[in-house]
2 protein chains.
Amino acid sequence: MIKTRDADSHTKEKIFMAASEIFEEKGHSGARMQEIADRAGINKALLHYYFRSKDQLFKAVFVVLMKKMFAKIISIMKEDMTFKEKIKKFLDEHIEFMIKNPKLPLFLLSEISQNPEFSESISETVRLRDLKTMLYEQHAKELKGYGIKKSDMSQLMVTIVSFSVFPMAAYGMISVLMPEFRERKKFNEYMRERKEFASGLLFAALKNRKK
Amino acid sequence: MIKTRDADSHTKEKIFMAASEIFEEKGHSGARMQEIADRAGINKALLHYYFRSKDQLFKAVFVVLMKKMFAKIISIMKEDMTFKEKIKKFLDEHIEFMIKNPKLPLFLLSEISQNPEFSESISETVRLRDLKTMLYEQHAKELKGYGIKKSDMSQLMVTIVSFSVFPMAAYGMISVLMPEFRERKKFNEYMRERKEFASGLLFAALKNRKK
DNA sequence: GTCTATAGAAGGATAGAC
DNA sequence: GTCTATCCTTCTATAGAC
């Protein structure tokens, strides 16, 4: 049994997991190397052995979490379906994804806004051009028929994403305003109801514009 | 001329303004007392003279910014208008408010989510109960007529707020995905177009539900 | 009220033993 | 590969002169 190698990758993995959690919770500047080490059940020095510095550890985590977020969105947009089918599927899957990763959106929004420079290095990794091309194809094929101008596409996209992302990013605020949602189960129900609410709203609006 | 008193309140004000800016930009854990002092054009020791500790300075700022945000929302909701009029006015004024305070929403969302305990002490200050009562009155009077269930009220409210708040909070992300918006002027145009887009979407949807 | 100087704590990073 | 011990920088906070 190759003990060293097993231990090696296993430890690195443990550190990475711990770092993801802590960074997601507290952000880059709020996170402490000590706390990451504690959660990983290892020593502070090992963090530097595997990831040299806090910044590099953070970047490794950030890239993976960024991909995680967009992989979900892109995989759905890619599929060959009508616009309505895509919306339904997106709301369903993305809201379930958000429920499983509740800290993710606010973390990404915060860190990107504080570090736009290195977020750009990621835009290649995430293959965003594909996303745009797909959207414009869909527009040419189908959305014109709804009376949606090309210039409204970005409004529409931001709106659709906001249906699932915003309540999750605003969870803290929402649970202060509506204390019933401090119970996570109740809030998850709320999010699931949102699938119907959002598609209902969008489709009702489109119906009125359909030529 | 009472020089001491003038200087007193003036300095405190300067510190407070500087602190607001820095905290909004970098958050509690990212902000540095030194940087705040520099921006205020005074010495670090003076910060502690006026506000004892970083935490207390932060809390002072946080409460004011929180009120600033909600004052805007509540003042509009309070007025005696139909639901549609309120929506239109809200979108108009709140989007203009966001353009003037672009860092505010993400700051509040982030800090609340990291500090839910002391955010609750604020919920009294901000008079949120009033907001709820007003919403339920509007529902009883008018929204039932659109076929909106009482249980959908919170979905609707979150959605309306998200129209103006989400793109602002997601500005960093958006400007990575759509580089044309790195130009702030372009993005502000986008936000202003959003007034029409959002009310159009909402009203079209309501029209379909009107009995 | 405002400054300089400095204490004191915390956090990131490294050296060196095993 | 992992740990202990420690260095060094950064940051908050205070003491004390003016």
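In what follows, every chain begins at residue 1, and chains take the letters A, B, ... in the order their sequences are listed. Given the structure is predicted, the values throughout are model-derived calculations rather than measurements.
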Give the nucleotide from the list [options] with an atom nearest to the side chain of [X].
X       : options               : value
B:Tyr50 : C:dT4, C:dG1, C:dG12  : C:dG1
B:Asn43 : C:dG1, D:dC3, C:dT4   : C:dT4
A:Ala45 : C:dT4, C:dA13, C:dA15 : C:dA15
B:Leu46 : D:dG1, C:dA13, C:dT2  : C:dT2
A:Arg52 : C:dT14, D:dT12, C:dC3 : C:dT14
A:Lys44 : C:dG12, C:dT2, D:dC3  : C:dG12
A:His48 : C:dG12, C:dG1, C:dA15 : C:dG12

Go through it in stages, so that I can follow the logic: the residues are A:Arg39 and A:Glu25, the test is salt bridge (Lys or Arg N to Asp or Glu O under 4.0 Å), and I'd like the CA-CA distance, side-chain angles, deciding distance and then a yes or no. CA-CA 13 Å; A:Arg39 178 150 329 177; A:Glu25 260 175 57; 3.7 Å; yes

For B:Lys195, run the salt bridge (charged side-chain N to carboxylate O under 4.0 Å, His left out) check against B:Glu96, B:Glu189, B:Glu93 and tell me which one passes. B:Glu96

Ionic contact status for B:Lys103 with B:Glu21, cut-off 4.0 Å: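 B:Lys103 and B:Glu21: not salt-bridged.
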
Is it true that B:Lys86 and B:Glu79 make a salt bridge, defined as a side-chain N closer than 4.0 Å to a carboxylate O?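 Answer for the salt bridge query: no.
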
Pair A:Phe23 + A:Phe107: ring centers closer than 6.0 Å: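 Here the rings of A:Phe107 and A:Phe23 have centres that are no less than 6.0 Å from each other.
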
Short side-chain N/O contact from B:Ser53 to OP1 or OP2 of D:dT12, under 4.0 Å: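 So the side-chain polar atoms of B:Ser53 never come under 4.0 Å of the phosphate oxygens OP1 or OP2 of D:dT12.
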
Those residues of residues 27-37 of chain A lying under 4.0 Å from DNA chain C by at least one heavy atom: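 Of all residues in residues 27-37 of chain A, the ones placing a heavy atom under 4.0 Å from DNA chain C are A:Ala31, A:Arg32, A:Met33.
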
Most 5' of B:Ile42 and A:Asp55 on DNA chain C, judged by nearest nucleotide: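 Result of the comparison: B:Ile42.
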
B:Phe51 vs B:Phe16 aromatic rings, parallel, tilted or perpendicular, using cut-offs 30° and 60°?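 Ring orientation of B:Phe51 relative to B:Phe16: tilted.
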
